[in-house]
Asker: 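Take this structure first; my questions come after.
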Amino acid sequence: MKRRLGDAIAPLVAAHPGRSGVYPLTGGQDAFAVRLRLAQAAERSIDAQYYIWRDDLTGKLLYRALFDAAERGVRVRLLLDDNRTAGLDPLLAALDAHPNVEVRLFNPFVLRRVRLLGYLTDFMRLNRRMHSKSFTVDNQVTIIGGRNVGDEYFDAAPAGALTFSDLDVLAVGPVVAEVSTQFDQYWASRSAHPAGPLLPAPRHGLRELLAPSPAAAARLGAVQNAGPVDELLAGSLALEWAPVEMLSDDPAKGLGLAPPETHFPRLLTDALGPVGAELDLVSPYFVPTRTAVETLTSMAGGGVKVRILVNSLEATDVKAVHSGYVKWRTELLAAGIALFEMRLVGSAAAEERLAGPFGSSATSLHAKTIAADRSRIFIGSFNLDRRSASLNTELGFVIESSNLAGRLAQLFDEAIAEVAYRVELSEGGDLYWVEQRGGERIRHDTEPGTTAWERGAVTILSWLPIDWLL
């Protein structure tokens, strides 16, 4: 007889009063496998909250895991942001029709087929999205972080397709109840609408829509033995027990009704506390405000070592957002801040080292994490851009752990130069990019891996007052 999650977790939590157990999910295959195995282990409830959940190979496998759980009598609640659900209406309608499944859509499009018209008539609401991500089973264990659900987040994308390096964290203990409470708040919010009245009646059953394929069978065979879940059930998972604070935007932010002092940047700043010596920032997109730039440059001027890792122009999946970053590079570098831009593809050895601290050997950075003084670390969905700050809702943990925070700092110390360009400022004030490859130091005087057209387009966009949208 298999051991229940609650039976396995309760004695661990009791042995660490006031602390939560966390376990980083760095590789994409593990991140997928753990979600799948937790869904298979669920006995009472699954609450899933995502910005994107695709109907590709891994997405369908996890939809099937929800369906199988519901067939066992598990209550399933699926809360999806509606911005990326185009084409999913038949599948979502079939899921919602199951007696043990309820689907709700956050800030949904009333016009299902011609969504652009929705933006034209209801832009201020539809421009606000739920970017929060969580997967909670039996109110006993949760996963939060940067990953959406789709092949590109789980090392399953076809050869040649863009994939992401990312970071999630599995958690047990008191913080799980906090995640469950915030899910309930979002579920009951004015922005979360029952999917049934919005979607056409299902014409096909879930068994037909989620029929297994040879590729699915192969994927299941590759991940069926998910070490972290098996170890958790056996009580042997190497959890990091630490004080963990959950941070979440008020769901009213989805309607523009949450006051600025409740927005995620303020919560994150307060939770991280004063920074004395080191601040390491990792974000795929970096669109700071003037105030944020002044704060960072002031910290650097006061002796704090500030290091930032973002995507390079060649690696980013949203080149327009890069325009909100390029205008600040010279000022940040002049203040002594170290800037690194992730290369599109690193060497195999470098990628293997990168996989340890927070990501798999992927081609585009998608992790969102911050370490302060090698003692506190943030992991979550929050990008360092204006959209996450003011428009989208976000979720994450601040963990007091010198081990986890130290691993991120060590990444900057030892591995970043092998997978990212270091941006430098010449004596004449011009930018250049330094690449370390096979022990050789290569200098690029223009952004590497890009065309003149791409650089020109980003420059023009940087002149426009659109940062608030990025």
Asker: Hey, does V172 have a side-chain heavy atom less than 4.5 Å from the side chain of W241?
Answerer: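 Yes, their side chains come closer than 4.5 Å.
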Asker: With no hydrogens and no angle check, is any side-chain donor or acceptor of N107 less than 3.5 Å from a backbone partner on G254?
Answerer: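 Checking the backbone N and O of G254 against the side chain of N107, a donor-acceptor pair under 3.5 Å is found.
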Asker: Would you say S401's side chain and L404's backbone share a donor-acceptor pair under 3.5 angstrom?
Answerer: yes
Asker: Apply the salt bridge (charged side-chain N to carboxylate O under 4.0 Å, His left out) test between D82 and each candidate in R129, R115, R125, R104; give the one that qualifies.
Answerer: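 Between D82 and the candidates, salt bridge (charged side-chain N to carboxylate O under 4.0 Å, His left out) is satisfied uniquely by R115.
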Asker: Between F382 and K368, is there a side-chain heavy-atom distance shorter than 4.5 Å?
Answerer: no
Asker: So, R290 and E331, do they make that salt bridge, N to O below 4.0 Å?
Answerer: yes
Asker: Does E314 offer a backbone N or O that forms a donor-acceptor pair with the side chain of T450 under 3.5 Å?
Answerer: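 Between the backbone of E314 and the side chain of T450 there is no qualifying donor-acceptor contact (under 3.5 Å).
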Asker: Is D89 salt-bridged to R112, cutoff N-O under 4.0 Å?
Answerer: yes
Asker: What is the ring orientation for F135 with W53, classed by angle as parallel under 30°, tilted 30 to 60°, or perpendicular over 60°?
Answerer: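 F135 vs W53 ring planes: tilted.
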Asker: Using a 4.5 Å cut-off on heavy atoms from C-beta on, say whether the side chain of H366 contacts that of N148.
Answerer: yes
Asker: Kindly check if the number of other-residue, nucleotide or ligand heavy atoms within 6.0 Å of CZ (R113) is above 12?
Answerer: no
Asker: So that I can tick it off, tell me whether E278 and R307 are bridged by a salt bridge, with the cut-off set at under 4.0 angstrom between side-chain N and carboxylate O.
Answerer: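 Yes, charged N to carboxylate O under 4.0 Å.
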Asker: With a 4.0 Å cut-off, would you call E102 and R75 a salt bridge?
Answerer: no
Asker: If you compare all heavy atoms of I46 against all heavy atoms of A69, which two are closest, and at what distance to 0.1 Å?
Answerer: CD1-CB, 3.7 Å
Asker: Begin with the C-alpha distance, continue with both residues' side-chain angles, and end with the deciding distance and a verdict on salt bridge (Lys or Arg N to Asp or Glu O under 4.0 Å) for D270 and R266.
Answerer: CA-CA 6 Å; D270 291 346; R266 180 71 63 85; 5.5 Å; no
Asker: Keeping the roles fixed (side chain from S364, backbone from T163), state whether a donor-acceptor pair exists under 3.5 Å.
Answerer: no
Asker: Do N139 and S180 have side-chain atoms, one donor and one acceptor, less than 3.5 Å apart?
Answerer: yes
Asker: Look only at the side chain of D151 and the backbone of T58, and say whether a donor-acceptor pair between them is shorter than 3.5 Å.
Answerer: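 Checked: pair present.
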Asker: Between V101 and F67, is any pair of side-chain heavy atoms under 4.5 Å apart?
Answerer: no
Asker: Could you check whether F32 and Y153 have their ring centres less than 6.0 Å apart?
Answerer: no
Asker: Among H131, M130, R386, which residue satisfies the side-chain contact (heavy atoms from CB on, under 4.5 Å) criterion with N392?
Answerer: H131
Asker: Distance-only, no hydrogens or angles: does the D385 side chain make a donor-acceptor pair with backbone N or O of S388 under 3.5 Å?
Answerer: yes
Asker: Taking S390's backbone N and O only, do any of them form a donor-acceptor pair with R128's side chain (distance below 3.5 Å, no angle check)?
Answerer: yes
Asker: Show your working on side chain to side chain contact (heavy atoms under 4.5 Å, CB included) between L279 and L296 and close with a plain yes or no.
Answerer: CA-CA 9 Å; L279 182 66; L296 290 172; 3.9 Å; yes
Asker: Would the distance check show the side chain of N311 and the main-chain N or O of T316 forming a donor-acceptor pair, the cut-off being under 3.5 Å?
Answerer: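 Side chain of N311 to backbone of T316: no pair is present.
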Asker: Do D81 and Y50 make a side-chain contact, defined as non-hydrogen atoms from C-beta onward lying under 4.5 Å apart?
Answerer: no
Asker: Between E341 and W433, do the side chains contain an N or O donor and an N or O acceptor separated by less than 3.5 Å?
Answerer: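 The criterion, which ignores hydrogens and geometry beyond distance, is satisfied for W433 and E341.
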Asker: Using modelled atom types only, decide if a donor and an acceptor are shared between the side chain of S298 and the backbone of T295 within a distance under 3.5 Å.
Answerer: no
Asker: Start with the C-alpha distance between K133 and Q49, add both sets of side-chain angles, then the distance that settles side chain to side chain contact (heavy atoms under 4.5 Å, CB included), and finish with yes or no.
Answerer: CA-CA 5 Å; K133 305 167 179 74; Q49 175 182 15; over 6 Å; no
Asker: Counting N and O atoms only, with roles assigned by atom type, does the side chain of D168 sit under 3.5 Å from a partner on the main chain of G146, one being a donor and the other an acceptor?
Answerer: yes
Asker: Checking R77 against W187: charged group under 6.0 Å from the ring centre and within 45 degrees of the axis?
Answerer: yes
Asker: Flag the pair R329 and E447 as a salt bridge only when some basic side-chain nitrogen lies within less than 4.0 angstrom of an acidic carboxylate oxygen.
Answerer: yes
